[in-house]
Amino acid sequence: MATGKINVSVENIFPLIKKFLYSDHEIFLRELISNATDATLKLKHITTIGEAKIDYGNPLIEVKIDKEGKKIHVIDQGVGMTEEEVQKYINEIAFSGAEEFLDKYKDSAKDSGIIGHFGLGFYSAFMVASKVEIITKSYKDEPAAHWACDGSPNFTLKKAKKTTRGTEIILHIADDSTEFLEEGKIGNLLRKYNKFMPIPIKFGTTTETLPKPEGAKEEDPAPTKEADNIINNPNPAWTKQPTELSDEDYKGFYRELYPMQFEEPLFHIHLNVDYPFNLTGILYFPKLTNDLNTQKDRIQLYQNQVFVTDNVEGIVPEFLTMLRGVIDSPDIPLNVSRSYLQADGAVKKISTYITRKVADKLSSLFKNSREDFEAKWNDIKIVIEYGMLSEDKFFEKADKFALYPTVDGAYYTFEELQEKLKANQTDKDDKLVLLYASNKEEQHSYIEAAKAKGFEVLLLDSPIVSHLMQKLETSKEKISFARVDADHLDNLIKKEDTQISKLSDEEKETLKTDIETAINNKSYTIQLEAMDSSSSPFIITEPEFMRRMKEMQQSGGGGMFGMGNMPEMYNLVVNTNHELVSEILNTKTAKKKERLINQSLDLARLSKGLLKGEELTKFIKRSYEMVK
Ligand code: ADP
Ligand code: MG
């Protein structure tokens, strides 16, 4: 038997480890299982290359809880260690790593969020254990070794009786960590960190139902058998080649990742690179709602099939954090802070690669199955629009497949729209005006009016689309967007359609003054227009610029803060060719004239959705009086 002092210059390193790592105690299990996995994979490697003439078999890693004895056992059937190796790897090397860590990061370690990624390895066991034992038998023909350490720098190392190959780690759980003796707690940790690790992990047993023997009666119970409960899938879909996987396999894997998610993903993107960095993974486009924030943080980051985090900020560009799935890369530096991560060159390349893959996938979907792409557009547009706003590289590609649906359900790309509309939807400066509605119900009368004039009306209803319009207007030549209830519509009236006003200039002056006096409201600018007699007599429009500024202010976009509240500003367009307008002009009694004007104004406001609350109640009351 040997006894000795662990080679460490920092006296009492354990209280330090405990202190520095307090926030992330649970990672001890991930570290021990990673070591067990490494040991098993090493064995696999040396048997494959023929260095050891032993049968690899079907090794397992087993996790056992001994609640009464207050112990957790992690048992593997891997390479094991000789006494000499324990001396070297556990007593010397590991400690030097820990010492270096503490030295280098004694200031930044306060930022406990980064600690878990350091992988303090084996010694993280002391975060939850007051004493740790290693009983290990190497695959080499040498006696087993038994190492024990009670949290002081003193250890014991002696020979052991173990005859089977592999390592058993025994944690004597400390009094302040007894939560880790709960089966539910350990089960959850295993499912969180080790769900896709490459070696099967056994935790407890399950009861398996066997087929009934021949001749068994209907009412006979089926026989059962106790079986190992394997908690992980050692061969998750992302580790396979896309050619090996069917559509069903991808959907199945999605359910495995998100068991509580009943909606199927719309499509997937298989990531697979090995140069200039290593990265595999599968990303899924889920159906997205307009609520941007609730859907983040669903992508899981793995390192060699070990779960690391579901916060992929910095690795995946912001607009893609709404996607789901898995990214696995040994090349993402996990042992550094987030701000460093964002400046890291390798990470930038990864982010660029992912953006490109997503754009290429969307582009091929668009080209190869446009109908399907159109059907999915409403569920994916938010990601695409967000991406077009935030990443110029993505904009360049997406500009060719981003769709602009009409209120009647046709879908056009920007280029197609330009081609289709350039003949009859330009204003007097020869600018193409893209009319759109943001709500089919609320803007119904305006949509109808625009359609009656032969204009195409788009339906653009995502919460960030006004930012995108702004971007398109500045990046494209001679185009502008105008909502159907905006003032632009007036400029769009085709020359050949121009109506002659029935009213003389003098009559127009009188009418204008009458209306201004009757409504007595500075928010309305009166505009007299000679329109078709079947168009509404009064129409309220809102300057596009003002409305969009207001909207962008509300959605908190690009530097719009601090502009204060925008004033209400409307145009009241009066159709001088409408019969009611002539009647207003010719009414002799001032009272009746005022009533006609205000009732008409209220109808126009109702149509624009501006009549609410007390005013609406009064309006309804007044209308009943009139029809009575
Ligand atoms: P790392 O895993 O990063 O090398 P650790 O502190 O986790 O650091 O482990 C130190 C070393 O101890 C390992 O490199 C390995 O040689 C040895 N070791 C730890 N656990 C086992 C195990 N279950 N089986 C065999 N060797 C092990
Ligand atoms: Mg390790």
Side-chain angles (χ1 to χ4, degrees), residues 6-8 10 13-14 16-17 20-21 24 26-47 51-52 54 56 59-64 72-102 104 115-129 132-140 142-149 151 153 155 157 160 162 164-171 193-194 197-202 302-308 330 333-335:
I6 288 165
N7 170 26
V8 55
V10 185
I13 196 162
F14 299 109
L16 281 171
I17 292 174
F20 279 122
L21 302 179
D24 235 357
E26 61 182 41
I27 58 115
F28 82 91
L29 191 60
R30 179 189 75 185
E31 294 300 330
L32 295 183
I33 292 187
S34 297
N35 286 349
T37 302
D38 288 348
T40 313
L41 292 174
K42 279 180 200 162
L43 184 73
K44 187 179 184 176
H45 184 68
I46 55 183
T47 49
E51 198 182 297
I54 43 167
Y56 177 64
L60 286 177
I61 295 167
E62 186 176 2
V63 179
K64 279 201 292 207
I72 296 177
H73 301 248
V74 179
I75 305 155
D76 69 60
Q77 298 155 21
V79 279
M81 286 177 277
T82 62
E83 199 174 311
E84 205 179 312
E85 283 165 340
V86 173
Q87 181 71 19
K88 183 168 164 202
Y89 294 128
I90 300 297
N91 292 342
E92 287 164 27
I93 308 248
F95 255 125
S96 68
E99 191 187 344
E100 195 182 278
F101 154 64
L102 290 171
K104 195 162 169 197
I115 304 280
H117 299 162
F118 274 91
L120 204 60
F122 170 72
Y123 279 96
S124 63
F126 285 98
M127 293 191 296
V128 299
V132 179
E133 294 178 73
I134 304 173
I135 301 166
T136 181
K137 164 90 182 75
S138 168
Y139 73 97
K140 295 172 198 156
E142 275 188 52
H146 185 167
W147 178 93
C149 177
F155 71 90
L157 181 58
K162 185 175 166 63
T164 50
R165 179 182 64 233
T167 301
E168 175 168 5
I169 309 282
I170 306 166
L171 309 183
Y193 290 107
N194 311 297
M197 287 191 67
I199 305 296
I201 300 164
K202 176 188 168 185
Y302 287 76
Q303 197 185 53
N304 294 323
Q305 295 174 241
V306 186
F307 175 81
V308 178
L334 301 165
N335 52 349

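Worth knowing before you read on, the calculation uses all heavy atoms, side chains too, and leaves out hydrogens, waters and symmetry mates. Both ligands and their constituent atoms are indexed starting at 1 by order of listing.
A donor-acceptor pair shorter than 3.5 Å cannot be found between the side chains of E31 and Y123.
Residue I169 does not touch ligand 1, judged by heavy-atom distances below 4.0 Å.
Within the 4.0 Å heavy-atom cutoff, M81 counts among the residues contacting ligand 1.
In summary, N35 places an N/O/S atom under 2.8 Å from the Mg ion (ligand 2), meeting the contact criterion.
A salt bridge is absent between K137 and E168; no separation between the charged side-chain nitrogens and carboxylate oxygens falls under 4.0 Å.
F122 and F126 have perpendicular rings, their planes meeting at more than 60° on a 0 to 90° scale where under 30° would count as parallel. Between W147 and F155, the angle of the ring planes stays under 30°, which puts this pair in the parallel group of the 30/60° scheme.
Residue V79 has no N or O atom closer than 3.5 Å to an N or O atom of ligand 1. Here's the thing with Y123: none of its N/O atoms is less than 3.5 angstrom from an N/O atom of ligand 1.
Against a heavy-atom cut-off of under 4.0 Å, I90 is close to the following atoms of ligand 1: 12 (O).
T136 places a side-chain N or O within 3.5 Å of a backbone atom of M81 that can act as its donor or acceptor partner.
The residue from T37, D76, D38 that alone fulfils the side-chain contact (heavy atoms from CB on, under 4.5 Å) condition with I199 is T37.
Residue N35 holds the heavy atom nearest to atom 2 (O) of ligand 1 of all those in L32, I75, N35, I134.
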